[in-house]
Amino acid sequence: MKGKREKGGTRAQPRANPGGAAEAPTAADGEHAATPTAADPLPIRHLEFLGGLATAGGWRPPGDLPEVAFSGRSNVGKSSLLNKLVRRKAFARVSKTPGRTREINFFSVNQAFVLVDLPGYGFARVSKERKSEWGGLIEGYLRENPRLRGVVQLLDARHEPTDDDLSMFSLLGDIGVPTLVVMTKIDKLSAKERSAQLTALARRCGVDEDQVIPCSAVTGEGRDDLAASLAALLAAPPDDEG
Ligand code: GDP
């Protein structure tokens with residue numbers, strides 16, 4: 001599997017200025033639309049679990065809100081980061097309940113966009129058959145989805161990207177969907193380790209270093225940076241090829 005993408009499609013969106021230069025996604029009814037402030041580029045006013053997609057071609061949320069999907073291998077810290085992002089302690093717990101761990105779970109945020117929690121991939125004790133089932137579900141969702149405005153791809157700051165991570169980058173490049181890259185668990189690295197690892201991970205995955213957002217669900221570092229990038233992604237015109 002190649003680490004470099006052949007197409008330019010997975011470039012991260014420019015990260016918005018901390019301080020809130022990014023425009024907010026607006027909700028039609030206004031009631032739950034949240035206006036970004038200098039303090040919080042993505043204030044969360046309303047959250048709702050919409051449902052899960054268990055098989056390719058199955059249920060999808062009604063309506064046409066834009067979707068942003070979060071992807072990463074299991075244990076990368078996706079649930080913890082999502083909880084931090086929406087400032088709820090147990091928001092992502094629903095995706096970890098029995099029966100839901102293998103689903104794609106959809107949440108409405110501020111009734112302005114849909115946050116999509118993709119099932120964690122790469123779990124070691126899973127049969128090949130099951131793996132390809134999951135792969136089909138995730139790939140089917142990503143490929144056939146005009147509502148998809150971006151993907152947030154998570155990588156563990158401490159580890160080399162796995163083959164599954166690299167396959168994911170390759171797929172995202174092939175689809176050409178805007179991608180934000182988050183380095184999770186950054187608190188586990190020293191300042192020196194972190195800059196070396198940032199360089200290494202970015203190179204390995206074929207993205208620019210300044211397109212990688214270091215985050216920690218423990219210290220909260222990176223939450224607002226990620227929130228601002230998401231707001232910018234959602235404010236960009238849907239068919240913007242960048
Ligand atoms: P998921 O399987 O990707 O949803 O990962 P979880 O959010 O459940 O996290 C997996 C493990 O990593 C848990 O033990 C978390 O407490 C830990 N973890 C998650 N995020 C961080 C982080 O930012 N820093 C540290 N030190 N640990 C984290």
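Excluded from the calculations below are hydrogen atoms, water molecules and symmetry mates; all remaining heavy atoms, backbone and side chain alike, are included. Counting convention: from 1, in listed order, for ligands and their atoms alike.
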Donor-acceptor pair, side chain of D165 and main chain of T162, under 3.5 angstrom: yes

Residue pairs, two or more places apart or on separate chains, that pass ring pair (Phe, Tyr, Trp, His ring centres under 6.0 Å) and touch residues 70-100: F91-F107

Using a strict threshold of under 4.0 Å (side-chain N to carboxylate O), is an ion pair present between K188 and D156? no

T184 N/O to ligand 1 N/O under 3.5 Å: no

Can you name the atoms of ligand 1, numbered from 1 with element, that are less than 4.0 Å from a heavy atom of S216? 23 (O)

Is D40 paired with R87 through a side-chain N to carboxylate O contact shorter than 4.0 Å? yes

Test item: protein heavy atom less than 4.0 Å from atom 14 (O) of ligand 1: no

Check: of R73, K185, R93, K84, min heavy-atom distance to atom 18 (N) of ligand 1 comes from K185

With heavy atoms of N75 as the reference, note each atom of ligand 1 found under 4.0 Å away. 1 (P), 2 (O), 3 (O), 5 (O), 10 (C), 11 (C)

Nearest non-hydrogen atom to atom 4 (O) of ligand 1 belongs to which of G72, A157, S79? S79

Of the side chain and backbone of D187, name the one, both, or neither that has a heavy atom under 4.0 Å from an atom of ligand 1. side chain

Report the residue from L155, D225, L81 that forms a side chain to side chain contact (heavy atoms under 4.5 Å, CB included) with V182. L81

If I apply the N/O under 3.5 Å rule, does S74 come out as touching ligand 1? no

Could you tell me whether some N/O pair between A217 and ligand 1 is separated by less than 3.5 angstrom? yes

S80-N83 side chain donor-acceptor pair, cut-off 3.5 Å: no

Which of the numbered atoms in ligand 1 are below 4.0 angstrom from a heavy atom of V218? 22 (C), 23 (O), 24 (N), 25 (C), 26 (N)

Atom 8 (O) of ligand 1 has as its nearest protein heavy atom K96 NZ, 2.6 Å

Once side-chain hydrogen bond (donor to acceptor under 3.5 Å, both in side chains) is applied, what residue pairs with a partner in residues 49-60 remain, sequence neighbours excluded? none

Identify the residue among V177, V68, L233 that makes a side chain to side chain contact (heavy atoms under 4.5 Å, CB included) with V151. V177

Of the listed options (G222, G120, S80, C215), which comes nearest to atom 7 (O) of ligand 1 when hydrogens are ignored and any heavy atom counts? S80

Closer than 3.5 angstrom, by distance alone: can the side chain of T184 be matched with the main-chain N or O of V76 as a donor-acceptor pair? yes

Provide, to 0.1 Å, the distance between atom 5 (O) of ligand 1 and the closest protein heavy atom, together with that atom's residue and name. G77 N, 3.1 Å

